[in-house]
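One structure is given below, encoded as structure tokens.
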Number of protein chains: 2
Amino acid sequence: MTSADVARVAGVSRATVSYVLNDTPHQTISAATRTRVLDAAAGLGYAPSAAARALRTGRSDVVLCLLPDWPIGPEIGTLLGNLSTELARSGLTFVAHPGSRADRPITDLWKAITPAAVLAFTDFSAAEVGAMRAAGVALVVGLLGRELEIPQQHVGRLQAGHLTAAGHTALGYAYPDDERVRIFAEPRLRGARSGFPDLSVRVVPLNPEAAAVAVRQWREEGVTGVCAYNDEVAMAVLAGMRREGLDAPGDLAVIGVDDIPAARLAVPALTTVTTDQAVVAAHLAETVVAEIYDRTLPARELTEVVRVVRRESA
Amino acid sequence: MTSADVARVAGVSRATVSYVLNDTPHQTISAATRTRVLDAAAGLGYAPSAAARALRTGRSDVVLCLLPDWPIGPEIGTLLGNLSTELARSGLTFVAHPGSRADRPITDLWKAITPAAVLAFTDFSAAEVGAMRAAGVALVVGLLGRELEIPQQHVGRLQAGHLTAAGHTALGYAYPDDERVRIFAEPRLRGARSGFPDLSVRVVPLNPEAAAVAVRQWREEGVTGVCAYNDEVAMAVLAGMRREGLDAPGDLAVIGVDDIPAARLAVPALTTVTTDQAVVAAHLAETVVAEIYDRTLPARELTEVVRVVRRESA
DNA sequence: CTGTTAGCGCATTCAG
DNA sequence: CTGAATGCGCTAACAG
């Protein structure tokens, strides 16, 4: 099933087939032959060979996303799913590559895929970006340095805002223990700080004993509300409090991020900040598509996509 | 950077380069030229064009995994990461495609990637399998129908075993509310039943009120221990118990599956069953590699990879 | 407006 | 053991 078959059935040349199938600009094709080609293609169930096209154009229609090496939660999972759906609408195929960059030099990766775009959460080095662009990759982007930075900051701002609105005047920030999520944690912390500069930041590991230590220290400082990096850290704070015989929100108010399923199951049910991943995905997709097809896009800030889910802990 | 460049630098023909780089059988190359070629390739940083190779051979070295449309947790995430690492070791590139099949007919997908193998959690229809195989995909496999079936069953068996070993004689099973995870839930339930046929199965939604209802009913039946589909469902049971003023494990023992981070943070800390994803991934990778390269493999059952993490709830 | 042609980079015969 | 030649399916110049 090649384009030659379609050409034969439609009674035109292969070039003509290529033109109508690709909507090649500056090539006007008569409506008659156009439909003839389209019908033939549909009738034969023709699908172009991605390999041949990639070889010829030096670029496939695959968008490759490099996943971070820390375990991704359902939030990111949802984001990727939505992104995939959005990109499919534009004929782009979204795939994600898990596993750290250490296993496989990223050059191997994009040489194996020849993607139209490469996305990643962490930033690329200048050398990496250069190499990819030189190889024909249209778009190379570190999500967190750009697209996701603003909403992440806003998450932190919302947390602090919720707490101060509830009358808290001394706040703590529960920072994650895992070095690998720094890139997510930093903008969130920045956001919280922008609304409340005097945050008392403490690292809170994901176990009750260690969390209890942090809780004790916050209490000594007079802190009455804490913003947690995410729901898991928030649950650790809750567990630490329980060990100290403290109750949320009375003794210490706690607010998380993500609204993972376990959040509503926590004791007390966790107040948290959730992100509308569908909107974020749509925006991301728009950016990617525009870049690949060399269109420009009106700048727009993603700030309406996060909101507080009020439950019991704050 | 083409194979011609390598040939020129090494002072041999392109065919020779191809031979040594692919370890072509029935072609003996002198060790001298072999190293000369290898050195030249390394020196130039040569990487073969995946597109050209795919066009020529009709198959890329990409292993495509179709993700289910329900949100994947950190467990599956870890599995995929490990699988990626293992496959990379054999020169295979692992990518995952999120998003439901509804968005994008899977034919589009493998035509865009020409993968060496396609993996999925759910099963493929006979027609789909046929089309893929005809298109040159070496391996098409529904993970849960085959490779993952046994360990999943063993998970259920372990849960029931742990509870009966602790002296419980009337057990319940907390089945997930989400239709989409049936394919995971069924083998786990089967496993639990195989060890304890009289299980009282109840659907437990992920909210405390609904869970409380199930808890009440189990209590009325005299159930003293419940196996939950996963940690989230287990936490729902715990939340339901709390609403009823009940304590685990005294009033009702609860055991989950997955050992998500929140499990150790639950109140009481959740006893659960964990899977050694590294071993599972290694086994899966072995299977895939063997199939792609047409080797056969000794059958081996994955049964030693799950174990109970004993905490407080059971 | 449509057809002809020339490679993209590679693996693979077939001769040497 | 190595070199030259062929074509995978497609797109982009270039002719007509």
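Protein chains get the first letters and strands the later ones, always in sequence-line order, with residue 1 at the start of each.
Put simply, B:Y46 has a side-chain N or O that comes within less than 4.0 Å of OP1 or OP2 on C:dC10. In this structure, A:R53 reaches the D:dT11 phosphate: one of its side-chain N or O atoms is under 4.0 Å from OP1 or OP2. For A:T16 and C:dG3, the shortest distance from a side-chain N or O to OP1 or OP2 is below 4.0 Å. Residue A:S13 places at least one side-chain N or O under 4.0 Å from the OP1 or OP2 atom of C:dG3. Proximity of A:S3 to the phosphate of D:dC10: a side-chain N or O atom is located under 4.0 Å from OP1 or OP2. Residue A:S49 places no side-chain N or O under 4.0 Å from the OP1 or OP2 atom of D:dC10. Distances shorter than 4.0 Å separate some side-chain N or O of B:S18 from OP1 or OP2 on C:dA11.
The base of C:dG7 sits with one of its N or O atoms less than 3.5 Å from a complementary donor or acceptor on the side chain of A:R56.
Closest of all the heavy-atom pairs between A:A116 and A:S60 is CB-O, 3.3 Å. Nearest heavy-atom pair across A:L148 and A:F121 is CD2-CE2, 4.2 Å.
A:T57 places a side-chain N or O within donor-acceptor distance of the main-chain N or O of A:R53, the cut-off being under 3.5 Å.
One distance of note links CZ of A:F94 with CG of A:L83; it measures 4.5 Å at 0.5 Å rounding. Atom CD of A:Q277 and atom OG1 of A:T274 lie 7.0 Å apart (nearest 0.5 Å).
A residue-by-residue look at B:A47 and B:Y19 shows that B:A47 has its nearest nucleotide of DNA chain C further toward the 5' end. Looking at which nucleotide of DNA chain D each of B:T57 and B:T33 is closest to, the 5′-most match is held by B:T33.
In this structure, A:L55 places its CG atom 12 Å from P of C:dA11, rounding to the nearest Å. Per the geometry, CG belonging to B:L44 stands 15 Å off P belonging to C:dG9, to the nearest Å. If you measure from atom CG of B:D61 to atom P of C:dA11, you get 11 Å, rounded to the nearest angstrom.
For A:R14, whose side chain is taken as the heavy atoms from C-beta onward, the closest listed nucleotide among C:dA6, D:dA4, C:dC10 is C:dA6.
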